[in-house]
Structures are given as structure tokens and as C-alpha cells.
Amino acid sequence: MRSDVFRAGDLIVAAEIEGNRPGIPADKLEKIFDPFFTSKPTGHGTGLGLTVARTIMDVHGGTLSVTNRKEGGVRVTMLLKADA
């Protein structure tokens, strides 16, 4: 997650989504935002979904991160600065 996006005192809106499936292997987790990275077989996806999602968050001054939960599964965290 980028640390240069928010400052002390900013009002932040946070949304977290958690899954309970096995999670993402560490060697793949570091690549999930790379354009065209996919773990699907050829012809079953282009690997642009998370790249586009992160770009949208960047354009709006927010962040998008995905981490593995210690209990299993993943946690997706979206943070946006709230306008007062």
C-alpha cells in the first residue's frame, strides 16, 4: 500500500472484503496487479481486472491492496479520501 496518499487528519473511507478460500500463493500475490498476469489457462481471461481496478483507485486518490489472511483466504482493502 502506498504511504504517500494520505496525511494525518485526512478523513478516510475504508472498505474491506474478505474471502475464506485458500488464498493466493506468495509467488503469485506479488504479481496480481501486473498487466496481463493471470493464473487461468490460455483463453480464459486476460489478467487486466486488478490492474484496471488499481488504476481507478489511483486516479481517484485512493489505494487498493490484497493480502493473505493468516486464517486463510484474502483481504482486499480499498481506501479513499472522503471529501468533507
Side-chain angles (χ1 to χ4, degrees):
M1 184 178 331
R2 293 179 22 219
S3 61
D4 63 332
V5 177
F6 307 113
R7 292 187 163 77
D10 284 347
L11 184 59
I12 305 295
V13 175
E16 288 189 329
I17 302 166
E18 294 183 344
N20 59 5
R21 300 204 48 178
I24 302 172
D27 63 322
K28 290 186 175 38
L29 187 60
E30 62 190 36
K31 300 176 186 177
I32 62 172
F33 293 109
D34 292 351
F36 302 109
F37 174 77
T38 184
S39 59
K40 295 178 183 176
T42 302
H44 293 279
T46 59
L48 285 174
L50 287 173
T51 301
V52 171
R54 181 176 257 178
T55 300
I56 291 168
M57 293 298 286
D58 287 346
V59 166
H60 291 284
T63 64
L64 173 65
S65 63
V66 178
T67 56
N68 281 318
R69 297 178 339 132
K70 64 180 176 196
E71 308 87 1
V74 297
R75 175 179 292 118
V76 178
T77 304
M78 298 167 281
L79 301 174
L80 285 167
K81 197 178 308 184
D83 288 332

ask   = Cluster question for you: counting only ILVMFWY and a side-chain heavy-atom cut-off of under 4.5 Å, with indirect links fine, are Val59 and Met78 together?
value =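 No, it is not one cluster - the side chains of Val59 and Met78 are not joined through contacts under 4.5 Å.
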query = Hey, any chance Ile24 and Ile17 share a hydrophobic cluster, counting ILVMFWY side chains that come within less than 4.5 Å of each other, even indirectly?
reply =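 Cluster IDs for Ile24 and Ile17 match.
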message = Can you give me the closest heavy-atom contact between Phe6 and Ile12, atom names plus distance?
response =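 Looks like CD2-CD1, 3.1 Å.
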task = Would you name the heavy atoms of Ala14 and Leu79 that are closest together and state the gap between them?
result =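 The pair with the smallest heavy-atom distance is CB-CD2, 3.4 Å.
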inquiry  = Going by side-chain contact (heavy atoms from CB on, under 4.5 Å), name the residues that satisfy it together with Lys70, two or more places apart in sequence or in a different chain.
reply    =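 By the side-chain contact (heavy atoms from CB on, under 4.5 Å) rule, Lys70 matches no residue at all.
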key: Pairwise side-chain contact, Asp58 with Arg54, heavy-atom cut-off 4.5 Å (strictly under)   =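 Counting from C-beta outward, Asp58 and Arg54 do come under 4.5 Å.
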Donor-acceptor pairs are to be reported for all side-chain atoms of residues 27-35 against protein atoms at under 3.5 Å, with residues two or more places apart or in another chain.
none

inquiry  = Once side-chain hydrogen bond (donor to acceptor under 3.5 Å, both in side chains) is applied, do any residues pair with Glu16, and if so which ones, sequence neighbours excluded?
reply    =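 Partners of Glu16 under the side-chain hydrogen bond (donor to acceptor under 3.5 Å, both in side chains) test: Thr77.
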ask   = Can you name the residues that form a side-chain hydrogen bond (donor to acceptor under 3.5 Å, both in side chains) with Glu18, not counting sequence neighbours?
value =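 For Glu18, the residues satisfying side-chain hydrogen bond (donor to acceptor under 3.5 Å, both in side chains) (neighbours in sequence not counted) are Arg69, Arg75.
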Separation between CG of Leu64 and CD1 of Ile56, rounded to the nearest 0.5 Å =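 Answer rounded to 0.5 Å: 10.0 Å.
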Sequence neighbours excluded, every pair satisfying salt bridge (Lys or Arg N to Asp or Glu O under 4.0 Å) that has a member inside residues 6-15 =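 Pairs touching residues 6-15 that pass the test: Asp10-Lys81.
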query = Could you go step by step and tell me if Glu71 and Asn20 meet the side-chain contact (heavy atoms from CB on, under 4.5 Å) rule?
reply = CA-CA 8 Å; Glu71 308 87 1; Asn20 59 5; over 6 Å; no
